[in-house]
Structures are given as C-alpha cells and as structure tokens.
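One-based numbering along the sequence shown. This is a predicted model, so every value here is computed, not measured.
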Amino acid sequence: MKRFIYLGLIISAVLMVSSCASKCKKTDSVDSKPTVPEVQNETFKKDNNKKNLLINYSFLNEKNVGETLSVTGNLSQNGNGFTLISDPDSKSRVSFILEVTDSELKKKLQSLAGETVTVTGELTEANSTWTKKLKVLKIE
C-alpha cells in the first residue's frame with residue numbers, strides 16, 4: 001500500500017515539474033533593431049477625423065539617438081524653451097525638450113504654445129525614461 005502512495009507522489013511531482021518546465025521555456029530572439037515604440041492606444045484628430053495612434057516613447061534609449069520621429073503632444077513654452085508632452089493624460093507620458101535652431105520654427109512654436117501639435121525631429125538624447133531631447137525639423 002505504501003508503495004502505491006509513494007509511486008503516486010513521484011508521478012504527481014514529475015508531472016508538476018514537467019508542466020512548469022514547458023511554461024518557463026525561454027525563447028531567445030534577438031532583433032537587429034528593436035520595434036520601438038509600442039502602440040499604446042488610439043485617438044482621433046479633431047480637425048479631420050483621421051485615426052492617429054498615440055505611441056509610448058518611454059522605450060526609446062541611447063541606441064535610438066539620431067533617428068527621426070514624429071511626436072504628437074501638448075506643446076508648452078517655458079521661457080525661451082519648449083516642451084512637448086506626448087500622451088499627457090497617461091501615466092506613461094514622455095516629455096520631449098525641443099531644441100529649435102531655426103527662427104521661423106521658433107516663431108511657429110510660440111504661436112502654437114498650449115495646443116496639441118505634431119513635431120518631426122531627430123532624437124538627440126534619451127538618457128531618461130520619461131524625458132528625451134528632440135531637435136525640431138518640421139512642425140505639422
């Protein structure tokens with residue numbers, strides 16, 4: 001009788017270990033370029049009702065410096081500088097400190113302060129998860 005109990009315990013232990021091992025298999029897939037950023041949620045632009053995907057930019061890091069990207073967010077002016085906050089209502093909002101060298105772009109940003117705008121630029125710094133620097137190339 002004890003043999004059957006021990007045999008049953010051994011069989012159940014083996015089954016538990018094998019089921020855990022199959023769930024914990026690790027797949028190592030390395031991409032040469034990560035798929036950054038991830039889509040977070042969807043909203044609609046007010047002006048033309050086109051679908052606009054809000055993107056979580058917190059995953060951008062130093063490997064992405066030099067890439068050109070378009071960011072939609074709330075534009076604010078603080079002194080002579082500008083900050084663009086993507087997805088401001090979310091906990092995963094990212095602040096982009098805008099570097100503007102062209103005086104025409106700076107005037108356009110001043111007129112758009114406080115509004116939601118799309119800025120295309122080159123990522124120049126991504127040391128922090130929640131703060132990045134973007135050199136402005138174009139304002140839409």
D87 backbone acceptor or donor facing S90 side chain under 3.5 Å =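 A pair under 3.5 Å: no.
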Is it true that a side-chain atom of Q77 and a backbone atom of G79 form a donor plus acceptor pair closer than 3.5 Å?
->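 Between the backbone of G79 and the side chain of Q77 there is a qualifying donor-acceptor contact (under 3.5 Å).
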Give the other cluster members for I97, using side-chain heavy-atom distances under 4.5 Å between Ile, Leu, Val, Met, Phe, Trp and Tyr residues; answer none if it is isolated.
->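 Traced through the cluster, I97 reaches no other member.
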[Y] reachable from [X] in the ILVMFWY side-chain graph, under 4.5 Å edges:
| X | Y | answer |
| --- | --- | --- |
| V94 | V65 | no |
| V100 | I85 | no |
| L112 | L98 | yes |

What's the shortest heavy-atom distance between S12 and L9, and which atoms?
->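 Answer, listing the atom of S12 first, then L9: OG-O, 2.9 Å.
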Counting only pairs under 3.5 Å, give me each side-chain donor-acceptor contact of residues 125-134, with atom names and distances, residues two or more places apart or in other chains.
from, atom 1, to, atom 2, distance (Å)
E125, OE2, N127, ND2, 3.4
S128, OG, W130, N, 3.3
K132, NZ, L60, O, 2.9
K132, NZ, S128, O, 2.6
K132, NZ, T129, O, 3.1

Results of ring-ring contact (aromatic ring centres under 6.0 Å, His included) for F82 - residues two or more places apart only =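 Residues passing ring-ring contact (aromatic ring centres under 6.0 Å, His included) with F82: none at all.
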Is there a donor-acceptor contact under 3.5 Å linking the side chains of S70 and T120?
->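 Note: S70 and T120 side chains meet the donor-acceptor criterion.
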Contacts of type side chain to side chain contact (heavy atoms under 4.5 Å, CB included), residue I11, not counting sequence neighbours |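 Listed in chain order: L7, L15.
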Starting at OG1 of T68, measure out to NZ of K138 and round the result to the nearest 0.5 Å.
->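 Rounded to the nearest 0.5 Å, the OG1-NZ separation comes out at 10.5 Å.
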How long is the gap from NZ on K91 to CG on N56, to the nearest 0.5 Å?
->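 The CG atom of N56 is 14.0 Å from NZ of K91, to the nearest 0.5 Å.
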Show the atom names and distances, to 0.1 Å, of all donor-acceptor pairs under 3.5 Å that link a side chain in residues 102-111 to residues at least two apart or in another chain.
from, atom 1, to, atom 2, distance (Å)
D102, OD1, E104, N, 3.3
K108, NZ, I139, O, 3.3
S111, OG, K108, O, 2.7

Ring pair (Phe, Tyr, Trp, His ring centres under 6.0 Å) contacts in which one or both residues fall within residues 90-120, not counting sequence neighbours =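 Output for this query lists Y57-F96.
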Taking the side chain as C-beta and beyond, is there a heavy-atom pair between L75 and T116 under 4.5 Å?
->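 A side-chain contact is absent here, since even the closest heavy-atom pair is not under 4.5 Å.
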Quick one: does T83's side chain get under 4.5 Å of N78's, heavy atoms only?
->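 They are in contact (side-chain heavy atoms under 4.5 Å apart), so the answer is yes.
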Does a sphere of radius 6.0 Å around CG in N80 hold more than 12 heavy atoms from other residues, nucleotides or ligands, not counting ones at 6.0 Å or beyond?
->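 No, because the 6.0 Å sphere around CG of N80 holds 12 heavy atoms or fewer from other groups.
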